[in-house]
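Below: one structure, written as structure tokens.
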Amino acid sequence: MKILRTFSILTLFLVASGVSLNAQCKAFAKKTCLPELGEYTHDGNYHAAVLAEGEEAELFKTFYSDMEYRMAVCGEETLEQIEFTVFDVNNNILYSSKEADSGKIWDFRLQSSQQLRIVINVGSSGGSGTTPANGCVSIMFGFKIKK
């Protein structure tokens, strides 16, 4: 009975911690990343997660022709190296923040509607023997209707 009670308390703690971290990441996205969209209209979705150095996240999103888009990726200061790459359905690289001078923001327009794959990598700071840093990473999307 004592084991069941301990397991229940531990499970409740883990679920509550996950909800708390997710809420903190959403607040981070609203406060820090949303302003990066500038004059673009936010699509209403907050894509944010806690990532550690060396981790990767992947997101699929559909984009439509006749619209201008802005994609902004930002992370907490504890994560020094955040890179993102955008692939089309044929796995061709459309954009790489590592290769581009513009860094964490990409403004683009597609000739046809398509689903893109966005891969976010959190690089390692290189400190061996230390606990990897972690923090919130957010990706925001904004749009403008082409006139």
Side-chain angles (χ1 to χ4, degrees), residues 2-64 67-110 113-145:
K2 186 175 183 180
I3 293 174
L4 182 60
R5 190 174 103 192
T6 303
F7 180 73
S8 298
I9 292 171
L10 182 60
T11 302
L12 180 62
F13 175 73
L14 291 175
V15 169
S17 296
V19 171
S20 174
L21 288 175
N22 194 22
Q24 289 175 356
C25 277
K26 186 174 178 180
F28 169 79
K30 284 182 179 181
K31 181 180 178 185
T32 306
C33 296
L34 190 57
E36 297 292 330
L37 294 179
E39 72 275 4
Y40 288 78
T41 302
H42 179 231
D43 73 353
N45 296 306
Y46 293 93
H47 305 281
V50 175
L51 296 176
E53 290 179 326
E55 288 189 324
E56 180 179 281
E58 188 175 74
L59 173 71
F60 290 86
K61 185 157 178 74
T62 301
F63 297 92
Y64 302 98
M67 297 180 75
E68 294 178 35
Y69 289 98
R70 174 170 283 178
M71 184 181 304
V73 175
C74 58
E76 290 186 297
E77 292 177 9
T78 56
L79 303 174
E80 296 176 14
Q81 300 175 14
I82 300 173
E83 299 171 352
F84 72 100
T85 308
V86 182
F87 299 90
D88 66 10
V89 293
N90 297 318
N91 214 30
N92 296 314
I93 295 176
L94 301 179
Y95 178 84
S96 170
S97 66
K98 185 176 184 176
E99 306 294 324
D101 292 334
S102 60
K104 308 287 189 263
I105 295 175
W106 182 41
D107 295 339
F108 64 100
R109 180 182 302 158
L110 299 173
S113 299
Q114 57 185 299
Q115 185 178 54
L116 302 180
R117 179 171 59 103
I118 301 107
V119 177
I120 299 172
N121 290 299
V122 179
S124 177
S125 61
S128 63
T130 60
T131 304
N134 66 48
C136 291
V137 177
S138 176
I139 183 167
M140 305 292 275
F141 301 98
F143 65 90
K144 289 182 187 177
I145 297 174

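Because the structure is predicted, anything quoted here is derived from the model rather than measured. All residue numbers in this chain count up from 1 along the given sequence.
Cys136 places a side-chain heavy atom less than 4.5 Å from the side chain of Glu76. Residues Ile105 and Arg70 meet the side-chain proximity criterion, which asks for heavy atoms closer than 4.5 Å. With contacts defined as side-chain heavy-atom distances shorter than 4.5 Å, the pair Ile118/Val73 does not qualify. Using a 4.5 Å heavy-atom threshold, the side chains of Cys74 and Phe28 count as touching. For the pair Glu68/Asp107, no side-chain contact is recorded, criterion being any heavy-atom separation below 4.5 Å from C-beta on. Between Val86 and Ile93 the shortest side-chain heavy-atom distance does not fall below 4.5 Å. Side-chain contact check for Lys61 versus Asn45: some heavy-atom pair is nearer than 4.5 Å. Annotation: side chain of Phe84 is in contact with side chain of Met71 (closest heavy-atom distance under 4.5 Å).
Minimum heavy-atom separation, Lys30 to Pro35: O-CD, 3.8 Å. Shortest non-hydrogen contact noted between Leu34 and Tyr46 is CD2-OH, 3.9 Å. When every heavy atom of Phe141 is checked against every heavy atom of Leu37, the shortest pair comes out as O-CD1, 3.7 Å. When all heavy atoms are compared, the tightest approach of Ala133 to Thr78 is CB-O, 3.5 Å. Residue Ile82 comes nearest to Gly75 through the heavy atom pair CD1-CA, 3.5 Å, listed as atom of the first residue, atom of the second, then distance.
Rounded to the nearest 0.5 Å, atoms CE (Met67) and CG (Leu110) are 10.5 Å apart. Here Glu36 contributes atom CD and Ile139 contributes atom CD1; the two are 13.0 Å apart, rounded to the nearest 0.5 Å. Note that CG of Leu51 and CG of Asn134 are 9.0 Å apart. Values are rounded to the nearest 0.5 Å.
In Glu56, the CD atom is crowded: over 12 heavy atoms of neighbouring residues, nucleotides or ligands sit closer than 6.0 Å.
At least one donor-acceptor pair closer than 3.5 Å links the side chain of Ser138 to the backbone N or O of His47.
Residues passing the salt bridge (charged side-chain N to carboxylate O under 4.0 Å, His left out) test with Glu39, sequence neighbours excluded: Lys144. Applying the salt bridge (charged side-chain N to carboxylate O under 4.0 Å, His left out) criterion to Glu58, with sequence neighbours excluded, gives Arg117. Under the rule for a ring-ring contact (aromatic ring centres under 6.0 Å, His included), the partners of Phe108 that lie at least two apart in sequence or sit in another chain are Phe63, Tyr69, Trp106.
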message: Assess the residue pair Cys25 and Val50 against the criterion (side chain to side chain contact (heavy atoms under 4.5 Å, CB included)); give the C-alpha distance rounded to whole Å, side-chain angles, the decisive distance to 0.1 Å, and a yes or no.
response: CA-CA 7 Å; Cys25 277; Val50 175; 3.5 Å; yes

